[in-house]
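Not measured: the values here are computed from a predicted model.
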Amino acid sequence: MSGPQCCQNPPAVVSGSRQDDCIEVIGGLTSYTAGSLASKLAVVLIADIYGYEAPKLRQIADKVAAAGFYVVVPDFFYGDPYVPEMPLSAWFPNHQPVKGCEDARKVVADLKSKGATAIGVAGFCWGGMTVSKLLAYGEIGAAVILHPGPLSDDDIHATKVPTAILGAEIDEYSPPEKIKKFEEILTAKSVDNFVKIYPGVVHGWTVRYKDDDEHVVKCAMEAHADMLNWLTKYLK
C-alpha cells in the first residue's frame with residue numbers, strides 16, 4: 001500500500017483544543033468521544049493513516065453524535081500516525097489492518113459491556129480496510145467503508161453485516177470497477193448493501209477535503225449524510 005493519493009492533503013492537527021477534553025479509554029485504546037452512551041446506540045469511526053486527531057474526522061464524529069449516537073474515535077496507531085514525508089512503506093508494516101481489526105473488536109466488546117445495544121462502524125481508507133476484516137464476525141449492526149485502501153475479495157465474500165461502500169471516481173486503490181465488483185459479491189450473498197461512486201473526487205475526499213473546493217466539499221457532505229443514513233437505518 002503506497003502512493004500519493006493516500007498521503008495527499010494531510011490534516012493540520014492542533015493540540016490543546018476543546019476536543020482534547022473529550023478523551024476516554026475504550027477497549028484499551030485512547031479515544032475521542034462525542035455524544036452520550038445513554039442512547040444505547042454507538043458508532044466507531046476508524047481513521048485513515050493520519051489518525052484519530054484529524055480535525056475533520058472529529059467534526060464528522062460530532063456530526064454523527066448530533067444525530068443521537070455515542071461516537072468513539074479510537075487511536076488505533078497508539079500515538080504513531082503517519083507523518084508526511086515518511087515513506088508509507090516504512091510506516092504501514094507496523095500498522096496492519098489485521099491488528100486494527102483485533103483492536104476494533106475489543107472496542108466493540110467494551111461498548112457492549114457499557115450498555116450499547118447496537119453498534120455501527122465506519123472506516124476511512126486504512127480504516128476501511130480494517131472494517132472489511134471486521135465484517136466476518138457479525139458483531140456489529142452495520143458498517144460503512146469510505147474510499148478504502150486495497151480490499152480483499154475474500155474479506156468481502158466473508159461479510160455478514162449490512163455494508164455501505166462509498167467510493168471516489170478517481171481512486172488508484174479502489175477504483176469504481178473494483179467497488180462495483182464488491183457490490184456484485186454482496187448482492188449475490190444477499191447481504192444488504194449500498195454502493196455509491198461520487199463523481200470528480202479522489203481517494204480520501206470525505207475526510208481530507210479542501211474547504212475552498214466547492215465540489216469536493218459538496219460531495220463530502222453528501223457522503224457524510226449517506227453514511228449517517230445507513231447507520232440510522234440499522235442501529236435502532
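- With hydrogens and angles ignored, the 3.5 Å screen pairs a side-chain donor or acceptor of K189 with a backbone N or O of H157.
- The side-chain contact (heavy atoms from CB on, under 4.5 Å) test with F194 is passed by exactly one of I165, V144, L186, L166: L166.
- Note: I46 CD1 to F124 CZ = 10.0 Å, rounded to the nearest 0.5 Å.
- Separation of atoms CD1 (I145) and SG (C125) is listed at 12.0 Å; rounding is to 0.5 Å.
- Using a 30° and 60° split on the angle between ring planes, F77 and H95 fall in the perpendicular class, above 60°.
- Tested against L151, the residues I179, I156, V131 include a single side-chain contact (heavy atoms from CB on, under 4.5 Å) partner, I156.
- At a threshold of 4.0 Å, the pair K196-E222 counts as salt-bridged, since one of the basic side-chain nitrogens sits closer than that to a carboxylate oxygen.
- Within the 4.5 Å cutoff, side-chain heavy atoms of I26 are placed close to those of K114.
- Taking a 6.0 Å sphere around CD of E85, one finds it holds 12 or fewer heavy atoms contributed by other residues, nucleotides or ligands.
- Taking the charged nitrogens against the carboxylate oxygens, D48 and K56 have no contact shorter than 4.0 Å, which rules out a salt bridge.
- Taking 4.5 Å as the limit, every side-chain heavy atom of V216 sits out of range of all side-chain heavy atoms of K210.
- In plain terms, the two heavy atoms of R208 and H203 that are nearest each other are NH2-CD2, 4.4 Å.
- T33 places a side-chain N or O within 3.5 Å of a backbone atom of C22 that can act as its donor or acceptor partner.
- Between H147 and D171, the side chains place no donor N or O within less than 3.5 Å of an acceptor N or O (distance only, hydrogens not considered).
- For R105 and Y137, the positive end sits near the middle of the six-membered ring, less than 6.0 Å away and at most 45° from its axis.
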Where do Y32 and I23 land on the side chain to side chain contact (heavy atoms under 4.5 Å, CB included) test, with the steps shown first? CA-CA 5 Å; Y32 173 74; I23 302 298; 4.2 Å; yes
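- Here the CD1-CG distance, from I49 to L88, works out to 5.0 Å after rounding to the nearest 0.5 Å.
- The shortest side-chain heavy-atom distance between T30 and Y52 falls under the 4.5 Å cut-off.
- In this structure, the side chains of L146 and V207 stay at 4.5 Å or more apart for every pair of heavy atoms.
- When side chains are defined from C-beta on, L228 counts as touching F69, because their heavy atoms get closer than 4.5 Å.
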Please report the C-alpha distance between D110 and S113 in whole Å, then the side-chain angles of each, then the deciding distance to 0.1 Å, and finally whether the side-chain hydrogen bond (donor to acceptor under 3.5 Å, both in side chains) criterion is met.
CA-CA 5 Å; D110 193 9; S113 75; 3.2 Å; yes
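- For S174 (side chain) and G149 (main-chain N/O), a donor-acceptor pair under 3.5 Å exists by modelled atom type.
- To the nearest 0.5 Å, atoms CD (E24) and CG (L29) are separated by 13.0 Å.
- Remark: the backbone N or O of L135 is not paired with any side-chain donor or acceptor of T159 at under 3.5 angstrom.
- Side-chain N or O atoms of H215 include one that pairs as donor or acceptor with a backbone N or O of P199 at under 3.5 Å.
- Note: W126 and W91 have perpendicular aromatic rings, judged against thresholds of 30 and 60 degrees for the angle between ring planes.
- To the nearest 0.5 Å, atoms CG (L111) and CD1 (I140) are separated by 11.5 Å.
- Applying the 6.0 Å contact sphere to NZ of K218 captures no more than 12 heavy atoms from other residues, nucleotides or ligands.
- Classified by interplanar angle (parallel below 30°, tilted 30° to 60°, perpendicular above 60°), the ring pair W205/Y198 is tilted.
- Heavy atoms only, all atoms of each residue included: L134 and A104 are closest at CD2-CB, 4.3 Å.
- Within the 3.5 Å criterion, the main-chain N or O of M129 finds a donor-acceptor partner in the side chain of S132.
- Judged purely by atom type and a 3.5 angstrom limit, K160 uses its side chain to pair as donor or acceptor with the backbone of A136.
- Hydrophobic clustering of Ile, Leu, Val, Met, Phe, Trp and Tyr side chains at less than 4.5 Å, counting indirect connections, keeps F76 apart from V25.
- The two residues L37 and A116 have their closest heavy-atom pair at CD1-CB, 4.0 Å.
- Listed for the D154 side chain is no donor-acceptor partner under 3.5 Å among the backbone atoms of S152.
- A salt bridge links E183 with K180: the closest approach of a Lys/Arg side-chain nitrogen to an acidic carboxylate oxygen falls below 4.0 angstrom.
- With hydrogens and angles disregarded, no donor-acceptor distance shorter than 3.5 Å links the side chain of T187 to the backbone of E184.
- No donor-acceptor distance shorter than 3.5 angstrom exists from the side chain of S89 to the backbone of P87, with no hydrogens or angles considered.
- Taking 4.5 Å as the limit, some side-chain heavy atom of M221 sits within range of a side-chain heavy atom of K63.
- A salt bridge links K99 and D103; the closest N-O separation between the charged side-chain nitrogens and carboxylate oxygens is under 4.0 Å.
- Considering every non-hydrogen atom in both G51 and L57, the closest pair reads O-CD2, 3.8 Å.
- In the displayed structure, K181 atom NZ is contacted under 6.0 Å by at most 12 heavy atoms of other residues, nucleotides or ligands.
- Residue A65 comes nearest to G35 through the heavy atom pair CB-N, 3.7 Å, listed as atom of the first residue, atom of the second, then distance.
- Shown here for T206 and A223, the closest heavy-atom pair between the two residues is CG2-CB, 3.8 Å.
- In this structure, the side chains of P81 and Y50 stay at 4.5 Å or more apart for every pair of heavy atoms.
- At least one side-chain heavy atom of D153 sits under 4.5 Å from a side-chain heavy atom of F182.
- Rounding to the nearest 0.5 Å places CD1 of I119 at 9.5 Å from CD of E139.
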